[in-house]
Amino acid sequence: MKIKPKKLEKGQTVGIIAPASPLYNRSDLTRGIQTLEEWGFRVKVGKNVNNKYEYLAGTDQERAHDFNEMFADPEVDAIFVTQGGYGSARMMRYIDFELVRQNPKIFIGYSDITSLHLAIHKFTNLVTFHGPGMAGFNPEDLSEYRKDHLFKALTKEEPIGEISLSDKKKWINIINKGDAEGELVGGNLSLVCASLGTPFEIDTKGKILFLEEVWTEPWILDHSFTHLLNAGKLQEAAGIVIGECTNCEPFKHNPGFHVTFSLEDILYEFLEPLKIPAIHGLPIGHTKDLATLPIGVGARLEATNGKLFVTETGVS
């Protein structure tokens, strides 16, 4: 049975944890906390947030401790991560998923946090949110589009509706026309692939699958899409939505080898033959104007018109 967290309201407490990589500048966290407080929220910071263990924000046990503690804490109403990077999957064996199921709360992040979204969805059926981390909660990085879509997703009981383009000059690439409805699932392409063969492997059957990636050469994207195709995940989906995929092009100075394929070439190569509704270009993932998406709720893809609608609220 699907579980939805309660909507976030002013005066409530946001817990902050670092499940993956550490922040490069501690002031990013300070600025993020200031923004949340200006919006009217209280803030509680995990005790290990500023830890560093090489490229991780603390040991696996330390990061999992903060995750579990925030879900167990009755004063905390929502849990925001500092950022992605790397390491979320490493702490999976230390997470108490029954604790999460018994204490449903808003949980939001993206990029490496995809691993946690997939696991929480698989083991608890809690709706979580693919959206910005605290590193971008400051006036420089927090565009009006990003803020508006965050509040739509976390504070409103009605469905988000259309995930619109952030700029009228941008456009949607329609790969396959058609309409589809299903539960919204997905996240970062690399992390979705990494879930295959694990207990939290993504289920795409009859679902609207959204994917995004950043700083990845087309031949590596080819590898990832080949993996998903060979695993049956692409062809089982009811519809596919690809985000903007920032800087997913051949590296300028040190390519692995000579490359001519573009991102679009790869998308047409893998998605067009499936003949299921598919579009590319929505502001999902590593982009300034990032839309927050609830994972595990109903959605409708109108690929013929290049539109995605979230038709079910993610909060109660």
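Keep in mind that this is a model prediction, so the values were computed, not measured.
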Criterion side-chain contact (heavy atoms from CB on, under 4.5 Å) on Phe225 and Leu211, from CA distance to verdict: CA-CA 10 Å; Phe225 279 107; Leu211 298 167; 4.0 Å; yes
Stepwise side-chain contact (heavy atoms from CB on, under 4.5 Å) test for Ile163 and Val241: CA-CA 11 Å; Ile163 304 299; Val241 178; over 6 Å; no
Under 3.5 Å donor-acceptor, Asn176 side chain and Leu274 backbone: no
Donor-acceptor contact present, side-chain Glu244 to main-chain Gly285, <3.5 Å: no
Asn48 side chain to Tyr53 side chain, donor-acceptor N/O pair below 3.5 angstrom: no
Lys/Arg N to Asp/Glu carboxylate O, Glu140 vs Arg31, below 4.0 Å: yes
Lys47 and Glu69 ion-paired at < 4.0 Å: no
Asp203 side chain vs Lys205 backbone, donor-acceptor pair below 3.5 Å: yes
Rounded distance (nearest 0.5 Å) linking atom NE2 of His117 with atom CG of Leu126: 10.5 Å
Exam field: side chain Ser224 to backbone Leu189, donor-acceptor pair closer than 3.5 Å: no
Exercise: identify the closest heavy-atom pair between Pro218 and Leu263: CG-N, 4.2 Å
Mutual orientation of the aromatic rings belonging to Phe210 and His130 [parallel < 30°, tilted 30-60°, perpendicular > 60°]: perpendicular
Side chain Thr216, main chain Leu221, donor-acceptor under 3.5 Å: no
Flag, side chain of Asp77 to backbone of Thr13, donor-acceptor distance under 3.5 Å: yes
Arg101/Glu98 ion pair, N-O < 4.0 Å: yes
Closest heavy-atom pair and its distance - Ile266, Phe261: CD1-CD2, 3.5 Å
For Pro294 against Gly314, the heavy-atom pair lying closest together: CB-CA, 4.1 Å
Chi angles and distances behind the side-chain contact (heavy atoms from CB on, under 4.5 Å) call for Leu191, Asp112: CA-CA 7 Å; Leu191 277 301; Asp112 189 72; 3.8 Å; yes
Within-4.5 Å side-chain heavy-atom neighbours: Phe309 and Ile208: no
Intermediate values then yes/no, side-chain contact (heavy atoms from CB on, under 4.5 Å), Ile79 and Phe67: CA-CA 9 Å; Ile79 302 169; Phe67 180 96; 5.9 Å; no
Main-chain N/O of Pro283 paired to Lys170 side chain as donor or acceptor, under 3.5 Å: no
Sub-6.0 Å ring centroid separation between Phe200 and His121: no
Glu54, CD atom: more than 12 neighbouring heavy atoms under 6.0 Å: no
Non-neighbouring partners of Ser143 that pass side-chain hydrogen bond (donor to acceptor under 3.5 Å, both in side chains), sequence neighbours left out: Asp289
Any side-chain heavy-atom pair of Ile175 and Phe270 under 4.5 Å: no
Any donor-acceptor pair under 3.5 Å from Thr204 side chain to Lys207 backbone: no
For the student: nearest non-hydrogen atoms of Ala299 and Thr311, plus distance: N-OG1, 3.5 Å
CG-CG distance between Asn50 and Leu23, expressed to the nearest 0.5 angstrom: 7.5 Å
Geometric class of the His223/His227 ring pair [parallel <30°, tilted 30-60°, perpendicular >60°]: tilted
Student check: side-chain heavy atoms of Thr246 and Trp215 closer than 4.5 Å: no
Qualifying residues under side-chain hydrogen bond (donor to acceptor under 3.5 Å, both in side chains), relative to Lys152, sequence neighbours excluded: none
Under 3.5 Å donor-acceptor, Lys44 side chain and Glu75 backbone: no
His286 and Tyr110 aromatic centres sub-6.0 Å: yes
Ile106 side, atom CD1; Leu8 side, atom CG - distance, nearest 0.5 Å: 5.0 Å
Any donor-acceptor pair under 3.5 Å from Arg146 side chain to Thr287 backbone: yes
Residue pair Asp28 / Asn25, side-chain donor-acceptor N/O under 3.5 Å: no
Verdict with supporting geometry, Gln83 and Ser21, side chain to side chain donor-acceptor pair (under 3.5 Å): CA-CA 7 Å; Gln83 65 174 16; Ser21 294; 5.0 Å; no
Plane angle bin for Phe71 and Phe107 - parallel if under 30°, tilted between 30 and 60°, otherwise perpendicular: tilted
Minimum-distance pair of heavy atoms, taken over all atoms of Leu196 and Ala231: CD1-CB, 3.7 Å
